**Student:** 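Before anything else, here's the structure in question.
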Amino acid sequence: MKKRIAVLASGRGSNFQAIIDAIGAGTIPATCVALITDNPTAYAIERAEKAGIPVKVIDFRSFPSREAYERALLAAMQEARADLYVLAGYMRILGNEVVRAFPGKMVNIHPALLPSFTGLHAQRQAILHGVKVAGCTVHFVDESLDCGPIILQKCVPVLDGDDEDTLADRILEQEHTAFPEAVRLFCEDRLEIAGRTVRVRK
Ligand code: GRF
């Protein structure tokens, strides 16, 4: 049975595109039922429209309070009735109520080898720290930021002369294979969460 997935994205949406493409190629057994964005000018919207995916804009600035925004976001997510919610560059921290509503049903990609360099500008943090290996992590979302059980990680070297942008490009290439792969495993019912560990069934 195909899974229903909903993607949350705030910006250019290249990870979203990688997932659209993997669904189109038949690699991920899923239908993308919604793009939910907080940014009315996100390029991800154009990608969704091209792929015939319904778009819901929940613009933080159009709500009187953070609570009202969170309620609208939760309602939009529930309305999507997704089996999996995919955070693909969603730049707002989700409130606990939203996270608690979808336990084990929400994944995020972070451009660092967690638990290093959580939060914003992970690639810049990696450069400033002088690490020799960097990468990306796909993980389940729980109530602490960038901290849920890890599904998979891919690493890249940090080369002499790298800056934040060259490193981000190298990591992004890996994101585009890591994220569709993790979503595929979820959609094939092959992920099992045991405490902090995610087991992948053969
Ligand atoms: C990616 O680097 C992702 O890891 C981070 O935000 C960026 C989103 O890029 N969470 P895109 O919008 O998918 O192109």
Side-chain angles (χ1 to χ4, degrees), residues 5-24 27-28 30 32 34-51 53 55-60 73 77 84-94 98-99 102 106-129 131 133-158 162-184 186:
I5 70 172
V7 173
L8 282 78
S10 302
R12 89 195 138 174
S14 68
N15 279 288
F16 174 39
Q17 187 67 54
I19 290 168
I20 293 173
D21 292 346
I23 291 174
T27 318
I28 300 177
C32 185
L35 168 72
I36 299 173
T37 182
D38 60 324
N39 175 8
T41 63
Y43 186 62
I45 294 175
E46 281 179 46
R47 298 184 191 271
E49 283 167 354
K50 246 195 213 141
I53 297 165
V55 176
K56 184 100 190 180
V57 179
I58 312 280
D59 184 356
F60 182 80
L73 177 61
M77 291 173 77
L84 180 68
Y85 296 86
V86 177
L87 305 185
Y90 192 69
M91 298 313 284
R92 278 186 191 284
I93 293 174
L94 299 182
V98 172
V99 174
F102 309 104
M106 203 186 302
V107 293
N108 179 48
I109 187 151
H110 185 72
L113 294 174
L114 291 173
S116 293
F117 312 132
T118 59
L120 288 176
H121 307 302
Q123 304 93 332
R124 186 186 307 167
Q125 294 182 54
I127 292 284
L128 291 175
H129 200 89
V131 294
V133 178
C136 63
T137 303
V138 185
H139 64 94
F140 281 105
V141 175
D142 66 12
E143 288 171 39
S144 34
L145 182 70
D146 297 330
C147 195
I150 291 171
I151 301 168
L152 61 84
Q153 297 185 296
K154 298 225 184 253
C155 56
V156 299
V158 180
D162 262 345
D163 60 21
E164 183 182 349
D165 295 332
T166 55
L167 179 60
D169 287 347
R170 194 173 308 120
I171 294 171
L172 191 64
E173 232 182 276
Q174 295 303 313
E175 294 184 39
H176 294 163
T177 61
F179 216 5
E181 190 179 331
V183 171
R184 173 176 65 80
F186 180 94

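Each ligand, and each atom within it, is numbered from 1 in the order the structure gives. Keep in mind that what you see is a predicted model, and the values were worked out from it rather than measured.
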**Student:** Under 4.0 Å, counting heavy atoms only: does G13 come that close to any atom of ligand 1?
**Tutor:**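 Yes.
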
**Student:** The criterion is salt bridge (Lys or Arg N to Asp or Glu O under 4.0 Å); which residues satisfy it with R170, sequence neighbours excluded?
**Tutor:**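 Listed in chain order: D162.
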
**Student:** Test your reading of the structure: does L172 have an N or O sitting under 3.5 Å from an N or O of ligand 1?
**Tutor:** no

**Student:** So between E175, H176, R12, whose heavy atom ends up nearest atom 2 (O) of ligand 1?
**Tutor:**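 Among E175, H176, R12, the closest heavy atom to atom 2 (O) of ligand 1 belongs to E175.
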
**Student:** What protein heavy atom lies closest to atom 11 (P) of ligand 1? Include the residue and the distance to one decimal.
**Tutor:**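 Here the nearest protein heavy atom works out to S14 N, 3.4 Å.
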
**Student:** Other residues, nucleotides and ligands only: do more than 12 of their heavy atoms fall within 6.0 Å of NZ on K56?
**Tutor:** no

**Student:** Between CD of Q125 and CZ of F117, what distance do you get to the nearest 0.5 Å?
**Tutor:**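 Going from the CD atom of Q125 to the CZ atom of F117 covers 6.5 Å.
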
**Student:** Can you list the steps and then say if T41 with N39 is a side chain to side chain donor-acceptor pair (under 3.5 Å)?
**Tutor:** CA-CA 5 Å; T41 63; N39 175 8; 3.0 Å; yes

**Student:** To check your reading of the model: name the closest protein heavy atom to atom 10 (N) of ligand 1, its residue, and the distance in Å.
**Tutor:**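 Looking only at protein heavy atoms, the one closest to atom 10 (N) of ligand 1 is I109 O, 3.1 Å.
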
**Student:** Identify the closest protein heavy atom to atom 6 (O) of ligand 1: which residue and atom is it, and at what distance?
**Tutor:**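 Sorting protein heavy atoms by distance from atom 6 (O) of ligand 1 puts G89 CA, 3.6 Å first.
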
**Student:** Could you check if a side-chain atom of I45 sits within less than 4.5 angstrom of a side-chain atom of L35, using non-hydrogen atoms only?
**Tutor:**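 In contact.
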
